[in-house]
Amino acid sequence: MQTIKTQDDIKKLGTIMGIWAHPDDETFTMGGIMAAAIRNGQDVVCITATRGEKGVQNESRWPAARLGQIRTDELKAAMKIIGVKKLYWLDYPDGECKKIAVEDALQQIIKCIKECQPDSILTFGADGLTGHPDHKAVSSWAKKAAREAGSKAVIYHAIQTNQQYKAMLKVDKQFGIFFNIDKPPVCEPEQCAICFELDDVGYAQKHAALKAMPSQYETLLKAFEDSLQLSLGTEAFLCV
Ligand SMILES: [Zn+2]
(Lines give C-alpha, C1' and ligand atoms only; values in the text may rest on other atoms or scores of the structure.)
Protein backbone atom coordinates (compact mmCIF):
# COMPACT_ATOMS: atom_id res chain seq x y z
CA MET A 1 0.00 0.00 0.00
CA GLN A 2 1.26 3.45 -0.88
CA THR A 3 1.87 5.90 1.93
CA ILE A 4 -0.82 8.55 2.30
CA LYS A 5 1.11 11.83 2.09
CA THR A 6 -0.88 14.58 0.47
CA GLN A 7 -4.23 16.30 0.93
CA ASP A 8 -5.44 14.45 -2.15
CA ASP A 9 -4.29 11.11 -0.68
CA ILE A 10 -6.31 11.87 2.47
CA LYS A 11 -9.45 11.29 0.35
CA LYS A 12 -8.61 7.59 0.45
CA LEU A 13 -9.40 7.62 4.19
CA GLY A 14 -13.09 8.32 3.44
CA THR A 15 -15.10 8.99 6.58
CA ILE A 16 -12.64 9.31 9.43
CA MET A 17 -13.29 8.44 13.06
CA GLY A 18 -10.75 9.34 15.72
CA ILE A 19 -10.94 7.40 18.97
CA TRP A 20 -8.86 9.09 21.69
CA ALA A 21 -8.52 9.32 25.46
CA HIS A 22 -8.12 13.00 26.35
CA PRO A 23 -9.15 16.30 24.79
CA ASP A 24 -6.01 17.28 22.79
CA ASP A 25 -4.94 13.73 21.78
CA GLU A 26 -6.87 14.14 18.52
CA THR A 27 -5.35 17.53 17.65
CA PHE A 28 -1.80 16.53 18.47
CA THR A 29 -1.95 13.30 16.47
CA MET A 30 -4.32 14.11 13.59
CA GLY A 31 -5.20 17.83 13.63
CA GLY A 32 -3.79 18.36 10.14
CA ILE A 33 -5.35 15.20 8.75
CA MET A 34 -8.77 16.23 10.07
CA ALA A 35 -8.41 19.75 8.65
CA ALA A 36 -7.36 18.37 5.24
CA ALA A 37 -10.23 15.88 5.22
CA ILE A 38 -12.76 18.59 6.06
CA ARG A 39 -11.39 20.72 3.20
CA ASN A 40 -11.83 17.68 0.95
CA GLY A 41 -15.48 17.46 2.04
CA GLN A 42 -15.02 14.22 4.01
CA ASP A 43 -16.83 13.45 7.25
CA VAL A 44 -14.77 13.51 10.43
CA VAL A 45 -15.96 12.28 13.82
CA CYS A 46 -14.09 12.33 17.11
CA ILE A 47 -14.68 10.20 20.17
CA THR A 48 -12.99 11.32 23.40
CA ALA A 49 -13.08 8.99 26.37
CA THR A 50 -12.46 11.46 29.22
CA ARG A 51 -12.67 15.19 29.92
CA GLY A 52 -8.98 15.25 30.85
CA GLU A 53 -9.64 16.66 34.32
CA LYS A 54 -6.44 15.20 35.78
CA GLY A 55 -4.15 17.21 33.52
CA VAL A 56 -3.59 20.04 35.98
CA GLN A 57 -0.69 22.26 34.89
CA ASN A 58 -1.49 25.49 36.72
CA GLU A 59 -3.88 25.25 39.64
CA SER A 60 -4.46 28.98 39.98
CA ARG A 61 -5.40 29.52 36.32
CA TRP A 62 -7.00 26.18 35.51
CA PRO A 63 -8.09 24.69 38.84
CA ALA A 64 -8.56 20.94 39.16
CA ALA A 65 -12.17 21.38 40.29
CA ARG A 66 -13.11 23.04 36.99
CA LEU A 67 -10.59 21.48 34.64
CA GLY A 68 -13.00 18.93 33.12
CA GLN A 69 -15.32 21.72 31.98
CA ILE A 70 -12.42 23.93 30.90
CA ARG A 71 -10.96 21.18 28.73
CA THR A 72 -14.38 20.33 27.30
CA ASP A 73 -14.77 23.95 26.20
CA GLU A 74 -11.19 24.05 24.92
CA LEU A 75 -11.73 20.97 22.77
CA LYS A 76 -14.93 22.42 21.33
CA ALA A 77 -13.02 25.61 20.44
CA ALA A 78 -10.17 23.62 18.89
CA MET A 79 -12.53 21.49 16.81
CA LYS A 80 -14.32 24.60 15.61
CA ILE A 81 -10.98 25.83 14.22
CA ILE A 82 -10.32 22.47 12.53
CA GLY A 83 -13.93 22.24 11.32
CA VAL A 84 -14.98 19.04 13.13
CA LYS A 85 -18.63 19.16 14.13
CA LYS A 86 -19.24 15.65 15.45
CA LEU A 87 -17.80 15.13 18.91
CA TYR A 88 -18.75 12.24 21.17
CA TRP A 89 -17.77 11.96 24.83
CA LEU A 90 -17.63 8.62 26.62
CA ASP A 91 -17.44 10.56 29.91
CA TYR A 92 -15.10 8.29 31.80
CA PRO A 93 -12.91 9.59 34.62
CA ASP A 94 -9.46 10.73 33.50
CA GLY A 95 -6.79 8.18 34.36
CA GLU A 96 -9.34 5.45 35.10
CA CYS A 97 -10.05 3.98 31.65
CA LYS A 98 -8.39 0.74 32.63
CA LYS A 99 -10.98 0.25 35.36
CA ILE A 100 -14.00 0.87 33.13
CA ALA A 101 -16.14 -2.16 32.28
CA VAL A 102 -15.02 -2.99 28.75
CA GLU A 103 -18.61 -3.86 27.73
CA ASP A 104 -19.74 -0.35 28.60
CA ALA A 105 -17.01 1.28 26.52
CA LEU A 106 -17.65 -1.08 23.61
CA GLN A 107 -21.37 -0.44 23.67
CA GLN A 108 -20.83 3.32 23.37
CA ILE A 109 -18.19 3.08 20.64
CA ILE A 110 -20.12 0.45 18.64
CA LYS A 111 -23.15 2.76 18.65
CA CYS A 112 -20.99 5.59 17.21
CA ILE A 113 -19.44 3.29 14.60
CA LYS A 114 -22.88 2.09 13.45
CA GLU A 115 -24.14 5.65 13.30
CA CYS A 116 -21.14 7.17 11.49
CA GLN A 117 -19.96 4.21 9.36
CA PRO A 118 -16.30 5.22 9.31
CA ASP A 119 -13.98 3.98 6.55
CA SER A 120 -10.93 4.71 8.69
CA ILE A 121 -10.43 4.64 12.43
CA LEU A 122 -7.43 6.54 13.80
CA THR A 123 -6.36 5.79 17.35
CA PHE A 124 -3.42 4.84 19.56
CA GLY A 125 -1.47 1.63 19.16
CA ALA A 126 -1.33 -0.93 21.96
CA ASP A 127 1.66 0.99 23.35
CA GLY A 128 -0.49 4.09 23.80
CA LEU A 129 2.19 6.20 22.03
CA THR A 130 3.24 7.85 25.29
CA GLY A 131 2.55 4.73 27.35
CA HIS A 132 -0.42 6.39 29.10
CA PRO A 133 -2.75 3.67 30.44
CA ASP A 134 -5.85 5.54 29.15
CA HIS A 135 -4.32 5.60 25.66
CA LYS A 136 -3.71 1.85 25.82
CA ALA A 137 -7.26 1.16 26.99
CA VAL A 138 -8.75 3.25 24.19
CA SER A 139 -6.62 1.42 21.62
CA SER A 140 -7.93 -1.94 22.70
CA TRP A 141 -11.56 -0.70 22.81
CA ALA A 142 -11.26 0.68 19.27
CA LYS A 143 -10.07 -2.64 17.90
CA LYS A 144 -12.74 -4.69 19.69
CA ALA A 145 -15.55 -2.24 18.93
CA ALA A 146 -14.74 -2.17 15.21
CA ARG A 147 -14.76 -5.95 15.10
CA GLU A 148 -17.96 -6.33 17.12
CA ALA A 149 -19.72 -3.65 15.06
CA GLY A 150 -18.84 -5.63 11.93
CA SER A 151 -17.11 -2.52 10.62
CA LYS A 152 -14.82 -2.76 7.61
CA ALA A 153 -12.97 0.38 8.65
CA VAL A 154 -9.20 0.26 8.37
CA ILE A 155 -7.58 0.93 11.73
CA TYR A 156 -4.52 3.19 11.90
CA HIS A 157 -2.24 3.58 14.93
CA ALA A 158 -0.45 6.82 15.79
CA ILE A 159 3.30 6.68 15.63
CA GLN A 160 6.20 9.12 15.57
CA THR A 161 8.89 9.35 12.97
CA ASN A 162 12.46 9.14 14.25
CA GLN A 163 12.91 12.80 13.43
CA GLN A 164 9.85 13.84 15.40
CA TYR A 165 10.85 11.80 18.39
CA LYS A 166 14.27 13.42 18.48
CA ALA A 167 12.62 16.84 18.46
CA MET A 168 10.22 15.77 21.22
CA LEU A 169 13.02 14.42 23.39
CA LYS A 170 14.46 17.91 23.72
CA VAL A 171 11.43 19.07 25.68
CA ASP A 172 10.49 15.77 27.24
CA LYS A 173 12.77 16.20 30.25
CA GLN A 174 10.69 19.19 31.23
CA PHE A 175 7.26 17.77 30.47
CA GLY A 176 7.60 14.04 30.85
CA ILE A 177 5.37 13.34 27.86
CA PHE A 178 6.86 9.86 27.61
CA PHE A 179 6.93 9.25 31.36
CA ASN A 180 5.11 5.96 31.01
CA ILE A 181 7.34 4.42 28.40
CA ASP A 182 11.10 4.02 27.89
CA LYS A 183 10.91 4.77 24.21
CA PRO A 184 7.75 5.18 22.16
CA PRO A 185 7.39 3.30 18.89
CA VAL A 186 9.16 5.17 16.11
CA CYS A 187 9.56 4.56 12.40
CA GLU A 188 10.88 5.99 9.19
CA PRO A 189 8.40 7.93 7.02
CA GLU A 190 8.43 5.29 4.26
CA GLN A 191 7.28 2.62 6.74
CA CYS A 192 4.10 4.56 7.59
CA ALA A 193 0.67 3.98 6.08
CA ILE A 194 0.04 7.68 6.64
CA CYS A 195 2.85 10.22 6.76
CA PHE A 196 1.08 13.49 6.20
CA GLU A 197 3.16 16.63 5.89
CA LEU A 198 0.97 19.58 6.80
CA ASP A 199 0.94 22.49 4.38
CA ASP A 200 1.02 26.08 5.67
CA VAL A 201 -2.76 26.36 5.89
CA GLY A 202 -3.13 23.06 7.75
CA TYR A 203 -0.23 23.80 10.06
CA ALA A 204 -1.67 27.20 10.93
CA GLN A 205 -5.01 25.55 11.73
CA LYS A 206 -3.40 22.89 13.91
CA HIS A 207 -1.29 25.46 15.72
CA ALA A 208 -4.34 27.65 16.33
CA ALA A 209 -6.32 24.64 17.58
CA LEU A 210 -3.57 23.72 20.06
CA LYS A 211 -3.41 27.35 21.15
CA ALA A 212 -7.13 27.15 21.84
CA MET A 213 -6.26 24.59 24.55
CA PRO A 214 -4.05 26.77 26.78
CA SER A 215 -4.58 24.66 29.89
CA GLN A 216 -2.51 21.97 28.17
CA TYR A 217 -0.52 23.74 25.47
CA GLU A 218 0.41 27.26 26.52
CA THR A 219 3.69 26.24 28.17
CA LEU A 220 4.34 23.38 25.78
CA LEU A 221 4.03 25.49 22.63
CA LYS A 222 6.52 27.99 24.06
CA ALA A 223 9.00 25.28 25.03
CA PHE A 224 8.69 23.72 21.60
CA GLU A 225 9.27 26.94 19.70
CA ASP A 226 12.52 25.86 18.01
CA SER A 227 11.38 22.44 16.92
CA LEU A 228 7.64 23.09 16.72
CA GLN A 229 7.12 22.60 13.02
CA LEU A 230 9.26 19.47 13.05
CA SER A 231 7.25 17.95 15.90
CA LEU A 232 3.76 18.96 14.85
CA GLY A 233 4.08 19.35 11.10
CA THR A 234 4.05 15.61 10.35
CA GLU A 235 1.29 13.18 11.32
CA ALA A 236 2.27 9.54 11.06
CA PHE A 237 0.22 6.35 11.41
CA LEU A 238 0.80 2.67 10.88
CA CYS A 239 -1.85 0.45 9.38
CA VAL A 240 -2.99 -2.39 11.61
ZN1 LIG B 1 -3.84 11.68 26.15
Side-chain angles (χ1 to χ4, degrees), residues 1-20 24-48 75 78-87 113 116-125 127 129-130 139 142 146 151-168 184-213 217 221 224-240:
M1 199 165 70
Q2 267 201 327
T3 307
I4 291 175
K5 287 186 202 162
T6 64
Q7 168 149 353
D8 206 46
D9 292 341
I10 295 286
K11 289 179 187 161
K12 294 179 194 156
L13 298 174
T15 293
I16 300 172
M17 174 178 278
I19 305 182
W20 305 103
D24 80 341
D25 291 341
E26 69 306 300
T27 310
F28 180 76
T29 53
M30 60 181 279
I33 292 172
M34 292 192 288
I38 303 270
R39 278 200 295 279
N40 285 340
Q42 295 163 242
D43 275 337
V44 179
V45 185
C46 256
I47 299 179
T48 309
L75 181 63
M79 289 305 98
K80 208 170 169 190
I81 292 166
I82 302 278
V84 176
K85 294 197 178 85
K86 286 184 201 154
L87 286 179
I113 291 177
C116 306
Q117 298 286 328
D119 300 298
S120 307
I121 292 175
L122 276 60
T123 185
F124 291 110
D127 46 72
L129 192 67
T130 63
S139 172
S151 167
K152 292 208 167 61
V154 179
I155 301 181
Y156 296 91
H157 285 164
I159 190 154
Q160 294 216 296
T161 64
N162 274 310
Q163 236 196 348
Q164 278 180 303
Y165 180 59
K166 274 184 207 147
M168 291 282 281
V186 286
C187 69
E188 291 303 327
E190 54 277 11
Q191 298 171 303
C192 301
I194 304 172
C195 191
F196 183 60
E197 302 284 344
L198 281 61
D199 63 11
D200 290 347
V201 178
Y203 183 76
Q205 264 177 296
K206 179 172 182 172
H207 191 261
L210 290 171
K211 247 181 126 172
M213 298 189 273
Y217 275 87
L221 286 177
F224 260 124
E225 236 155 21
D226 297 340
S227 52
L228 201 60
Q229 188 123 18
L230 188 61
S231 316
L232 301 175
T234 305
E235 294 173 353
F237 286 81
L238 295 176
C239 188
V240 181

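Source: prediction; values computed, not measured.
Side chain of Ser151 to main chain of Ala153: a donor-acceptor pair is present (N/O by atom type, distance under 3.5 Å, no hydrogens or angles). The backbone N or O of Leu230 sits nowhere less than 3.5 Å from a side-chain atom of Gln163 that would complete a donor-acceptor pair.
Two residues are said to be in side-chain contact when any heavy atoms from C-beta on lie closer than 4.5 Å; His207 and Leu221 meet this criterion. Annotation: side chain of Thr29 is not in contact with side chain of Glu235 (no heavy-atom distance under 4.5 Å). Counting heavy atoms from C-beta outward, Lys206 and Phe28 have side chains that stay 4.5 Å or more apart. For the pair His157 and Ser139, the minimum side-chain heavy-atom distance is below 4.5 Å. Between Leu210 and Met213 there is a side-chain heavy-atom pair separated by less than 4.5 Å. Residues Gln164 and Ser231 have side chains not in contact (no heavy-atom distance under 4.5 Å, counting atoms from C-beta outward). Two residues are said to be in side-chain contact when any heavy atoms from C-beta on lie closer than 4.5 Å; Thr130 and Phe124 fail this criterion. Contact check for Leu122 versus Ile19: no side-chain heavy atoms found under the 4.5 Å cut-off.
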Using side chain to side chain contact (heavy atoms under 4.5 Å, CB included), reason through Trp20 and Leu75 one step at a time and then give a plain yes or no. CA-CA 12 Å; Trp20 305 103; Leu75 181 63; over 6 Å; no
List the steps and the verdict of side chain to side chain contact (heavy atoms under 4.5 Å, CB included) for Gln42 and Lys12. CA-CA 10 Å; Gln42 295 163 242; Lys12 294 179 194 156; over 6 Å; no
Please determine whether side chain to side chain contact (heavy atoms under 4.5 Å, CB included) holds for the pair Thr161 and Val186, giving the CA-CA distance in whole Å, both sets of side-chain angles, and the decisive distance to 0.1 Å. CA-CA 5 Å; Thr161 64; Val186 286; over 6 Å; no
Check against side chain to side chain contact (heavy atoms under 4.5 Å, CB included), Met79 and Lys86: CA-CA 9 Å; Met79 289 305 98; Lys86 286 184 201 154; over 6 Å; no
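Contact record, Ile81 with Ala212: CD1-CB, 3.9 Å, taken as the closest heavy-atom pair. Minimum heavy-atom separation, Gly83 to Ile38: O-CD1, 3.2 Å. Ile113 approaches Pro118 most closely through the heavy-atom pair O-CD, 3.5 Å. Nearest heavy-atom pair across Thr3 and Cys192 is OG1-O, 3.0 Å. Taking both residues in full, the closest heavy atoms of Ala158 and Leu129 are given as O-CD1, 3.6 Å, listed atom of the first, atom of the second, then distance. Nearest approach of Gly18 to Met30, heavy atoms of both residues: CA-SD, 4.1 Å.
Taken from NZ in Lys11 to CG in Asp119, the straight-line distance is 15.0 Å, to the nearest 0.5 Å. One distance of note links CD1 of Ile16 with SG of Cys116; it measures 12.5 Å at 0.5 Å rounding. In this structure, CG on Asp43 lies 13.0 Å from CG on Leu13, to the nearest 0.5 angstrom. The distance from the CG atom of Asn40 to the CD atom of Gln7 is 4.5 Å, given to the nearest 0.5 Å. Of the inter-residue distances, the one linking Tyr165 atom OH with Ile159 atom CD1 reads 12.0 Å to the nearest 0.5 angstrom. For the atom pair OG1 of Thr48 and CD of Glu26, the computed distance is 5.0 Å after rounding to the nearest 0.5 Å.
Counted by atom type alone, Thr27 and Asp24 present zero donor-acceptor pairs between their side chains at under 3.5 Å.
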Return all side-chain donor-acceptor pairs below 3.5 angstrom for residues 194-202, not counting sequence neighbours, or 'none' if the list is empty.
from: Glu197; atom 1: OE1; to: Thr234; atom 2: OG1; distance (Å): 3.1
from: Asp199; atom 1: OD1; to: Val201; atom 2: N; distance (Å): 3.3
from: Asp199; atom 1: OD1; to: Gly202; atom 2: N; distance (Å): 2.8

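A search for ring pair (Phe, Tyr, Trp, His ring centres under 6.0 Å) contacts involving Tyr156 returns nothing, not counting sequence neighbours.
Annotation: side-chain hydrogen bond (donor to acceptor under 3.5 Å, both in side chains) contacts involving residues 185-195, sequence neighbours excluded, comprise Asn162-Glu188.
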